[in-house]
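Remember, it's a predicted structure, so these values are computed and weren't measured experimentally. Values below: every heavy atom of this structure, side chains too, minus hydrogens, waters and symmetry copies. One-based numbering along the sequence shown.
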Amino acid sequence: MPPLNIAWVRSQFPALNEKVDGKPAVFFDAPGGTQVPQRVIDAMSEYLTRSNSNSHGAFLTSRRTDEIIAEAHVAAADLLGCHPEEIVFGPNMTTLTFGISRAIGREIQPGDEIVVTYLDHDADVAPWRALEEQGAVIRVVDMRLDDCTLDMDSFRRQLSPRTKLVATGYASNAVGTINDVQTIVREAHRVGAMAFVDAVHYAPHGPIDVQALDCDFLACSAYKFFGPHLGVLYGKSEHLKRLRPYKVRPASDEIPWRWETGTQNHEGLAGLIAALEYLDELGRRYPSESAPKPEEGRQGRRQALLNAMQTVQRYERWMAEHLVLGLLEIPQLQFYGIRESVRFDCRTPTVSIRLGEAHPRAIAEYLGQNGIFVWDGNYYALSVTERLGVEETGGMVRIGLVHYNTVPEIDRLLDTLRRYPR
């Protein structure tokens, strides 16, 4: 087991004290949104108590709000490895992606091509398909059905001199596959296209470095990495300055403000800062063996956040091996995605299954009655369930682990699934 004091981790999340019929609830629903540390709840309450105001006012609470907005941009930049002016906040990743796609649509000419994939959440498909109204041609990268990975040969076939943008997920929210985003970005740039990366599912599972990745845009959601409901978008400053957003006339023309339409979720920004403070502490408590000890200041926080996500990654891989091995031993269980432990660097601890002829909702209800929370359906990854041929029969059951979960919880899930009435 990788070094991680799971008792300390779980003590930070008050929701984990929930019980169902006197037994602790098991939260395997993280891909739909993680639980939050107590400090996130406290920070949001503190904001609403002492700083609740709109921005840019000539009085105390407004100045406090301005400080929180500025600090949230800095904190998110430290998470992703970019400049604060390259961070844009919004209600969620979907809304931010539609905003960017609409602005890019101003430059789209009939016949220009946009590449999407069968493996993505629809929030990284529908905003680009909407540009068909502008005359864009949408090309789709196929997925391999045997292991639910992107078909990279298919990807290369979709590229052409007319390609203007490639949209791909960092990791699949349905089956956990981690894509070769570095190659995808590099190949997109080779044909002169921009690269948009949906990192919503990947963000709570591993470190992100947008500079090393060299993507043009990357989006994630704070409520998927232990924060409140809030969308986060990284955009290269050159694009955020060049593209023309749809905004109200009095709004600033400076970045990132020109992209943050309307009043922001200020209490959510306070909660985001607190969520990253939690990860900062995690990274300082459990430093990477190969990395320097984090110092104070922004550089130290960036290192601590990298440490935290590397520690999380190791711990979750250890849990994923236990989960997948146990699932594969259950009779009549259909498993979707990468299953060989030697390839687990290419997956998150999120798996989707079916069990015999049982409807996925019936399995989810059965697990829920036993205090185990999982999702069923398509989880908005509609292209995945359609491509796998399971959409019309209820999709799949999704089990999603994060670093506050434990092996005993996995054993409880496996035992409950074995007892499911056939």
S.K.: Show your working on side chain to side chain contact (heavy atoms under 4.5 Å, CB included) between Phe155 and Thr168 and close with a plain yes or no.
M.R.: CA-CA 10 Å; Phe155 164 65; Thr168 188; over 6 Å; no
S.K.: Is a donor on one side and an acceptor on the other found under 3.5 Å between the side chain of Arg50 and the backbone of Arg64?
M.R.: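 Not at all, since once roles are kept as given, no pair shorter than 3.5 Å links the two residues.
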S.K.: Can you check whether Trp318 and His403 have ring centres sitting under 6.0 Å from each other?
M.R.: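 Ring-ring flag for Trp318/His403: false, centres at least 6.0 Å apart.
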S.K.: Please test Lys247 against Asp253 for side chain to side chain contact (heavy atoms under 4.5 Å, CB included), starting from the C-alpha separation and ending with a verdict.
M.R.: CA-CA 9 Å; Lys247 67 180 185 66; Asp253 284 323; 3.0 Å; yes
S.K.: Go through the side-chain N and O atoms of Ser154 and Tyr118 and say whether any donor and acceptor fall under 3.5 Å apart.
M.R.: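 Note: Ser154 and Tyr118 side chains miss the donor-acceptor criterion.
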S.K.: Can Asp153 and Arg157 be counted as an ion pair, charged N to O under 4.0 angstrom?
M.R.: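 Here Asp153 does not pair with Arg157 in a salt bridge, since their nearest N and O are not under 4.0 Å apart.
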S.K.: Can you check whether Ser51's main-chain N or O pairs, donor with acceptor, with Tyr47's side chain at less than 3.5 Å?
M.R.: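 Checked: pair present.
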S.K.: Take atom CZ of Phe373 as the centre, draw a 6.0 Å sphere, and report whether it contains more than 12 heavy atoms from other residues, nucleotides or ligands.
M.R.: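 Count over threshold, so yes.
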S.K.: Are any side-chain N or O atoms of Ser45 and backbone N or O atoms of Ile41, one a donor and one an acceptor, separated by less than 3.5 Å?
M.R.: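 Not a single qualifying donor-acceptor pair exists.
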S.K.: Less than 4.0 angstrom from a charged side-chain N to a carboxylate O is my criterion; do Glu281 and Arg285 meet it?
M.R.: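 Looking at Glu281 and Arg285, the cut-off is met.
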S.K.: With no hydrogens and no angle check, is any side-chain donor or acceptor of Lys19 less than 3.5 Å from a backbone partner on Lys23?
M.R.: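 The answer is no, because no donor-acceptor pair under 3.5 Å joins these two groups.
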S.K.: Would one find more than 12 heavy atoms of other residues, nucleotides or ligands at under 6.0 Å from atom CG of Asp21?
M.R.: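 Result for CG/Asp21: open.
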S.K.: I'd like to know if the side chain of Arg186 reaches the main chain of Val181, judged simply by a donor and an acceptor atom lying under 3.5 Å from each other, with no hydrogens or angles considered.
M.R.: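 No, the answer is negative, given that no donor and acceptor are paired below the 3.5 Å cut-off.
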S.K.: Evaluate the criterion side chain to side chain contact (heavy atoms under 4.5 Å, CB included) for residue pair Met309 and Ile208; output intermediate values, then yes/no.
M.R.: CA-CA 9 Å; Met309 299 318 299; Ile208 297 174; over 6 Å; no
S.K.: Assess the residue pair Arg387 and Asp142 against the criterion (salt bridge (Lys or Arg N to Asp or Glu O under 4.0 Å)); give the C-alpha distance rounded to whole Å, side-chain angles, the decisive distance to 0.1 Å, and a yes or no.
M.R.: CA-CA 9 Å; Arg387 191 70 181 87; Asp142 204 358; 2.8 Å; yes
S.K.: Stepwise, does the salt bridge (Lys or Arg N to Asp or Glu O under 4.0 Å) test hold for Glu321 with Arg347?
M.R.: CA-CA 11 Å; Glu321 291 185 10; Arg347 73 163 304 124; over 6 Å; no
S.K.: Closer than 3.5 angstrom, by distance alone: can the side chain of Thr163 be matched with the main-chain N or O of Leu165 as a donor-acceptor pair?
M.R.: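 Between the backbone of Leu165 and the side chain of Thr163 there is no qualifying donor-acceptor contact (under 3.5 Å).
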S.K.: Check this for me, if you would: do Glu71 and Arg301 make a salt bridge, where the nitrogen-to-carboxylate-oxygen distance has to be below 4.0 angstrom?
M.R.: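 Counted as a salt bridge, because a side-chain N and a carboxylate O are separated by less than 4.0 Å.
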S.K.: Between Trp128 and Phe196, does the ring centre distance come in under 6.0 Å?
M.R.: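 Trp128 vs Phe196: aromatic centres under 6.0 Å.
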S.K.: Under 4.5 Å between any side-chain heavy atoms of Val397 and Arg354, yes or no?
M.R.: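 A side-chain contact is absent here, since even the closest heavy-atom pair is not under 4.5 Å.
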S.K.: Is the closest side-chain heavy-atom distance between Asp124 and Met93 below 4.5 Å?
M.R.: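 Sidechains of Met93 and Asp124: in contact.
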S.K.: Between Thr34 and Phe226 (side chain of the first, backbone of the second, donor and acceptor by atom type, cut-off under 3.5 Å), is there such a pair?
M.R.: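 A pair under 3.5 Å: yes.
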S.K.: Are Tyr404 and Phe13 near enough that their ring centres are under 6.0 Å apart?
M.R.: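 Yes, close enough.
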S.K.: What verdict does the side chain to side chain donor-acceptor pair (under 3.5 Å) test give for Ser160 and Glu113, after you've listed the backbone C-alpha separation in whole Å, the side-chain angles of each residue and the deciding distance to 0.1 Å?
M.R.: CA-CA 8 Å; Ser160 81; Glu113 297 176 356; 2.7 Å; yes
S.K.: State, with a plain yes or no, whether a side-chain heavy atom of Val232 is found less than 4.5 Å away from one of Tyr234.
M.R.: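 The answer is no, as the side chains (C-beta and beyond) never meet within the 4.5 Å cut-off.
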S.K.: May I ask you to check whether Phe89 and His73 place their ring centres under 6.0 Å from each other?
M.R.: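 Yes - the distance between ring centres of His73 and Phe89 falls below the 6.0 Å cut-off.
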S.K.: Please check this pair: side chain of Tyr286 against backbone of Asn5, looking for a donor-acceptor N/O pair closer than 3.5 Å.
M.R.: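 Here the side-chain-to-backbone pair exists.
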S.K.: State, without any angle test, whether Ser237 and His83 hold a side-chain donor-acceptor pair at a distance under 3.5 Å.
M.R.: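 Side chains of Ser237 and His83: no pair found under 3.5 Å.
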S.K.: On the ring face of Tyr278, is Arg39 found with NZ or CZ under 6.0 Å from the centre and within 45° of the axis?
M.R.: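 Judged by the rule (NZ or CZ under 6.0 Å from the ring centre, within 45° of its axis), Arg39 is not positioned above Tyr278.
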S.K.: Walk me through it: do Asp345 and Arg317 pass the test salt bridge (Lys or Arg N to Asp or Glu O under 4.0 Å)?
M.R.: CA-CA 8 Å; Asp345 284 345; Arg317 173 165 180 168; 2.4 Å; yes
S.K.: Is it the case that the side chain of Asp66 and the backbone of His56 share a donor-acceptor pair, with hydrogens and angles ignored and the cut-off at 3.5 Å?
M.R.: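 It does hold such a pair.
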S.K.: How far apart are the C-alpha atoms of Leu218 and Leu233, what are their side-chain angles, what is the distance that settles it, and do they pass the side chain to side chain contact (heavy atoms under 4.5 Å, CB included) test?
M.R.: CA-CA 6 Å; Leu218 181 142; Leu233 173 75; over 6 Å; no
S.K.: Can you confirm if the aromatic rings of His239 and Phe217 lie within a centre distance of less than 6.0 Å?
M.R.: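 Between His239 and Phe217, which both carry aromatic rings, the centre distance is below 6.0 Å.
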